[in-house]
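Have a look at the structure below before the remarks.
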Amino acid sequence: MSAQPSIDVVIPVYNAPALTRHCIDSVVACLSESIRHIYVQDDASDVETRMMLDQLPYEQVYVHHAQKNQGFGASVNEAVGRSDASFVLILNSDTTSSEDFLPTLCAAMAADPQLAVIIPAGNDYARDNLDRYVREPGGYIRTHRLRGHAFLIRRHVFQEIGGFDPAFGRGYYEDIDLGRRLDLRGWRLGVHPGARIQHEGGGSFGRGRSYKALVKHNRSLYFARYPNASLNILLLSANCPPTHFPPDLLDALDYVFREGGYVYWVTPEPARLLLCLQMRSYAMGLEVVVRLLLRSWREEKRVSQIWMLPDTSRLLRMLIMPWARICGLEVLSWEWASAAQSVTPKLMSK
């Protein structure tokens, strides 16, 4: 404990008593050696949940019952306000800890003073092959999208930025919004593959009409604030690793990431090295390209531009241009500047 800074845990709770009890039990069993207090913020749950919380046998657990339902963000803000720890671990009540991952997360924080948030990997990242991503000091992977089900944050940073924005009401997208604000202020966010947590998902709201209405409303609010978060770049190249990308291209990619957008990189073989979790890799094929171009009816998920590196095959260039015209997309062909080892984008079509 002396080797680590002080850590408190905050768990906002709204109903789902069985999942909530399982979460708290697992925190006590696995994290007790690394934490001081557990602040449970009951967001006006029903009688069964309140009774369960009041009967918890743990001395380090402090339960606060709110008089009315404030929503996830406001509940976390209030609970964090009771803490004076260096770090706060914020957990959804439908998460389960199976190991003490906090020393690993704290080591990453110590290695990078600009790292404000570190997220334990787990089943929410099961689709991502985390071995392919660049590791930062402390072993974490950069991300520009905060998933709020479980994350360790520097408490003073959380307080200085104002915590979660209550405009998002009962929940959804308030975590992504917090990440955007941290990112825009120069703080870093990361996911650590060496730390894991299980997330059930939908523990409080489920996946019914209430969930869909909340998501729809808060999605619109988020993209109204950050319109460039809908940037989705289709990047085409041969098997050129990012370590060989010229500075101008790396800057352009970094801009997309920092704005909250994504890059979908198509190469003859799946890329072995990716820059951050907002970069995805696909093996070359016309079917793959067409699927990405037509990937969603939602505007914020559609490909917004196509970028081609100089080593993109002529055949793929010939095939992609008609699709770009049909979809009304800009195609930028990046030309190598051999002497300066940089590239400049050239507009091919719109």
Q. Taking atom types as modelled, is there a side-chain donor on His22 or Glu200 under 3.5 Å from an acceptor on the other?
A. no

Q: Before accepting this row, confirm whether a basic side-chain N of the pair Asp112/Arg142 lies closer than 4.0 Å to the acidic partner's carboxylate O.
A: no

Q. Taking it one step at a time, do Phe245 and Trp265 satisfy ring-ring contact (aromatic ring centres under 6.0 Å, His included)?
A. CA-CA 13 Å; Phe245 284 1; Trp265 188 17; 5.4 Å; yes

**Q.** Within-4.5 Å side-chain heavy-atom neighbours: Arg135 and Ile141
**A.** yes

Q. When you check the side-chain N and O atoms of Thr143 and Arg188, is any donor under 3.5 Å from an acceptor?
A. no

Q. What heavy-atom pair brings Pro193 and Gly139 nearest, and what distance separates the two atoms?
A. CD-O, 3.6 Å

Q | Glu287, CD: over 12 other non-hydrogen atoms inside 6.0 angstrom | A | no

Q. Is the shortest heavy-atom distance from the side chain of Met284 to the side chain of Ser313 under 4.5 Å?
A. no

Q: For atom CZ of Arg82, decide whether the heavy atoms of other residues, nucleotides or ligands shown that lie under 6.0 angstrom number more than 12.
A: yes

Q: Answer whether the closest heavy-atom distance between the side chains of Leu249 and Trp334 falls below 4.5 Å.
A: yes

(Q) Is there a ring-ring contact (aromatic ring centres under 6.0 Å, His included) between Phe164 and Phe158? Walk through the geometry before answering. (A) CA-CA 8 Å; Phe164 288 114; Phe158 185 85; 5.7 Å; yes

Q: Taking all non-hydrogen atoms of both residues into account, name the closest pair between Pro242 and Leu250 and its distance.
A: O-CD2, 4.0 Å

Q: Tell me, yes or no, whether the heavy-atom count around His64 atom NE2, taken from other residues, nucleotides or ligands under 6.0 Å, exceeds 12.
A: yes

Q) Hey, does the side chain of Glu269 reach the backbone of Ala283 with a donor-acceptor pair shorter than 3.5 angstrom? A) no

Q.
Would you say that Val266 contacts Leu235 through its side chain, given a criterion of any heavy-atom pair below 4.5 Å between the two side chains?
A. no

(Q) Does any part of the side chain of Val10, heavy atoms only, come nearer than 4.5 Å to the side chain of Ser75, both counted from C-beta? (A) no

Q. Is it true that a side-chain atom of Asp46 and a backbone atom of Thr49 form a donor plus acceptor pair closer than 3.5 Å?
A. yes

Q) Just wondering, more than 12 heavy atoms not from His37 lying within 6.0 Å of its NE2? A) yes

Q. Any donor and acceptor pair, going by atom type alone, linking the side chain of Asn228 with main-chain N or O of Glu259 inside 3.5 Å?
A. no

Q) If you take all heavy atoms of Phe72 and Gly171, which pair is closest and at what distance? A) CB-CA, 4.4 Å

(Q) Quick one: does any side-chain atom of Arg132 pair with a main-chain N or O of Leu273 as donor and acceptor, under 3.5 Å? (A) no

(Q) Between the side chains of Asp175 and Arg147, is the shortest nitrogen-to-carboxylate-oxygen separation below 4.0 Å, so that they form an ion pair? (A) no

Q.
For the CD atom of Gln60 and the CG atom of Asp8, what is their distance to the nearest 0.5 Å?
A. 11.0 Å

Q) Under 4.0 Å between a Lys/Arg side-chain N and an Asp/Glu carboxylate O for Glu300 and Arg219? A) yes

(Q) Quick one, Val263 and Phe257 - any side-chain contact, counting heavy atoms below 4.5 Å? (A) yes

Q: Mark yes or no for whether Asp43, through its side chain, and Tyr14, through its backbone, hold a donor-acceptor pair below 3.5 Å.
A: no

(Q) Atom CD of residue position Glu59 - does it have more than 12 heavy atoms of other residues, nucleotides or ligands inside 6.0 Å? (A) no

(Q) Do Leu236 and Leu319 land in one hydrophobic cluster if side-chain heavy atoms of ILVMFWY residues count as linked below 4.5 Å? (A) yes

Q: Have a look at His199 and tell me which of Asn123, Thr95, Asp94, Thr96 forms a side-chain hydrogen bond (donor to acceptor under 3.5 Å, both in side chains) with it.
A: Asp94

Q | N-O pairing of Arg180 and Asp165 below 4.0 Å | A | no

Q: Indicate yes or no: at least one non-hydrogen side-chain atom of Leu115 is less than 4.5 angstrom from one of Tyr140.
A: yes

Q: Determine whether more than 12 heavy atoms belonging to other residues, nucleotides or ligands lie under 6.0 Å from atom CH2 of Trp187.
A: yes

Q. Can you name the nearest heavy-atom pair linking Gly163 to Arg181, along with the distance?
A. O-NH2, 2.7 Å

Q) Got a donor-acceptor contact below 3.5 angstrom from the Ser281 side chain to the Ala271 backbone? A) yes

Q.
Taking the basic N atoms (NZ, or NE/NH1/NH2) and the acidic carboxylate oxygens, is any pair closer than 4.0 Å for Asp25 and Arg21?
A. yes

**Q.** Validation row, ring centre Tyr222 to ring centre Tyr226 under 6.0 Å
**A.** yes

Q | Within-4.5 Å side-chain heavy-atom neighbours: Leu31 and Leu89 | A | yes

Q: Verify, without hydrogens or angle tests, whether Thr312 (side chain) and Met308 (backbone) share a donor-acceptor contact under 3.5 angstrom.
A: no

**Q.** For Ala167 against Arg225, the heavy-atom pair lying closest together
**A.** CB-NH2, 3.7 Å

(Q) Between Arg50 and Asp54, is the salt bridge (charged side-chain N to carboxylate O under 4.0 Å, His left out) condition met? List the steps. (A) CA-CA 6 Å; Arg50 292 200 303 271; Asp54 288 339; over 6 Å; no

(Q) So does Cys240 get a backbone contact from the side chain of Ser237, meaning a donor-acceptor N/O pair under 3.5 Å? (A) no

Q: Please check if the distance between the ring centroids of Phe168 and Tyr173 is under 6.0 Å.
A: no

Q.
If only side-chain N and O atoms count, and only distance matters, is there a donor-acceptor pair under 3.5 Å linking Ser34 with Asp100?
A. yes

(Q) Tell me if a side-chain donor or acceptor on Arg154 pairs with a main-chain N or O of Met109 at a distance below 3.5 Å. (A) yes

Q: Using modelled atom types only, decide if a donor and an acceptor are shared between the side chain of Glu99 and the backbone of Arg196 within a distance under 3.5 Å.
A: yes

